[in-house]
Amino acid sequence: MDSFQHFYDRFSYRLSGLATVEVSPPDWNGTISLHVIESMKTFIFDRDCSEVFKGVEGVAEEGLWPEMDPMEAKLSLFSVHVEEAIDLAPEGSFVLTWGPQGLEAVRGGTPSAAG
């Protein structure tokens, strides 16, 4: 597993055109908040940072960018999934979770770290 800081830096970089990323507390157990630049809305993941990392590791990117480091390719593709989930989020839905159709935004309570 990458170090937390290495993952955070790469994850933040891949999402930098969409949102600023905050992890609170700043470790593998932290809650990831995405502060979307354009809409000023905040989305949170429904699981801790280590579980989001496992979700990124599970992205099937084989063959998309053969010249790219495999984790960078996974992060690139995952960032597309995040952007789609945010763009398609129903009104009042701000929790990012893995559903039957992949990553999606749903209604839910705000963890205290993202409040």
Side-chain angles (χ1 to χ4, degrees):
M1 181 182 275
D2 278 359
S3 73
F4 166 76
Q5 190 63 51
H6 190 227
F7 172 71
Y8 173 80
D9 291 344
R10 294 164 77 177
F11 188 75
S12 297
Y13 174 75
R14 289 291 168 201
L15 291 170
S16 63
L18 174 68
T20 57
V21 177
E22 178 182 348
V23 182
S24 181
D27 60 30
W28 286 117
N29 298 314
T31 299
I32 299 176
S33 302
L34 304 177
H35 307 287
V36 181
I37 297 164
E38 190 174 300
S39 70
M40 303 298 287
K41 293 180 181 177
T42 298
F43 289 80
I44 55 165
F45 282 90
D46 69 340
R47 56 202 69 199
D48 68 23
C49 189
S50 68
E51 292 298 315
V52 173
F53 177 79
K54 289 176 189 172
V56 171
E57 283 185 311
V59 171
E61 75 350 295
E62 291 84 12
L64 287 177
W65 298 287
E67 72 288 346
M68 191 181 282
D69 169 78
M71 181 51 79
E72 288 298 325
K74 288 175 184 290
L75 283 163
S76 292
L77 187 54
F78 186 75
S79 69
V80 172
H81 295 308
V82 170
E83 186 169 0
E84 288 174 349
I86 288 172
D87 287 347
L88 299 173
E91 188 64 35
S93 299
F94 57 87
V95 177
L96 297 172
T97 189
W98 279 260
Q101 304 299 319
L103 192 64
E104 60 185 350
V106 298
R107 292 179 185 269
T110 305
S112 60

Determine the minimum heavy-atom distance between [X] and [Y], stating which atoms define it.
| X | Y | result |
| --- | --- | --- |
| Gly92 | Arg107 | O-CG, 3.6 Å |
| Ser16 | Ile37 | O-CD1, 3.4 Å |
| Glu104 | Pro100 | OE2-CD, 4.0 Å |
| Ala105 | Pro90 | O-CD, 3.7 Å |
| Val23 | Tyr8 | CG2-CD1, 3.7 Å |

If you count the non-hydrogen atoms of other residues, nucleotides and ligands that lie under 6.0 Å from CD in Glu91, is the total more than 12?
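12 or below, so no.
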What is the ring orientation for Phe78 with Phe45, classed by angle as parallel under 30°, tilted 30 to 60°, or perpendicular over 60°?
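Judged by the thresholds at 30° and 60°, the geometry between Phe78 and Phe45 is parallel.
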Which class fits the ring pair Phe53 and Phe7: parallel under 30°, tilted 30 to 60°, perpendicular over 60°?
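Phe53 vs Phe7 ring planes: perpendicular.
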Drop me the distance from [X]'s [atom1] to [Y]'s [atom2], to the nearest 0.5 angstrom.
| X | Y | atom1 | atom2 | value |
| --- | --- | --- | --- | --- |
| Ile86 | Leu96 | CD1 | CG | 5.5 Å |
| Glu72 | Leu77 | CD | CG | 13.0 Å |
| Lys54 | Cys49 | NZ | SG | 11.5 Å |
| Leu75 | Arg10 | CG | CZ | 6.0 Å |
| Lys41 | Leu34 | NZ | CG | 13.5 Å |
| Thr31 | Glu22 | OG1 | CD | 10.0 Å |

Test side chain to side chain contact (heavy atoms under 4.5 Å, CB included) on Arg47 and Thr97; report intermediate values, then the result.
CA-CA 8 Å; Arg47 56 202 69 199; Thr97 189; 3.6 Å; yes
Any chance you could lay out the side chain to side chain contact (heavy atoms under 4.5 Å, CB included) test for Val82 and Phe43, step after step, and finish with the verdict?
CA-CA 10 Å; Val82 170; Phe43 289 80; over 6 Å; no
Heavy-atom distance under 4.5 Å between the side chains of Val56 and Arg14, does that happen here?
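No; the side chains remain at least 4.5 Å from each other.
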Could you tell me whether a side-chain N or O of Ser12 sits under 3.5 Å from a main-chain N or O of Asp9, the two making a donor and an acceptor?
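Checked: no pair found.
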Does a side-chain N-to-carboxylate-O contact under 4.0 Å join Glu57 and Lys74?
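Looking at Glu57 and Lys74, the cut-off is not met.
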With the 4.5 Å side-chain cut-off for hydrophobic clustering, are Val80 and Met71 part of the same group?
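Different hydrophobic clusters.
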I'd like to know whether Trp28 forms a side chain to side chain contact (heavy atoms under 4.5 Å, CB included) with Val52, so could you lay out the CA-CA distance, the side-chain angles of the two residues, the decisive distance to 0.1 Å, and finally the verdict.
CA-CA 9 Å; Trp28 286 117; Val52 173; over 6 Å; no
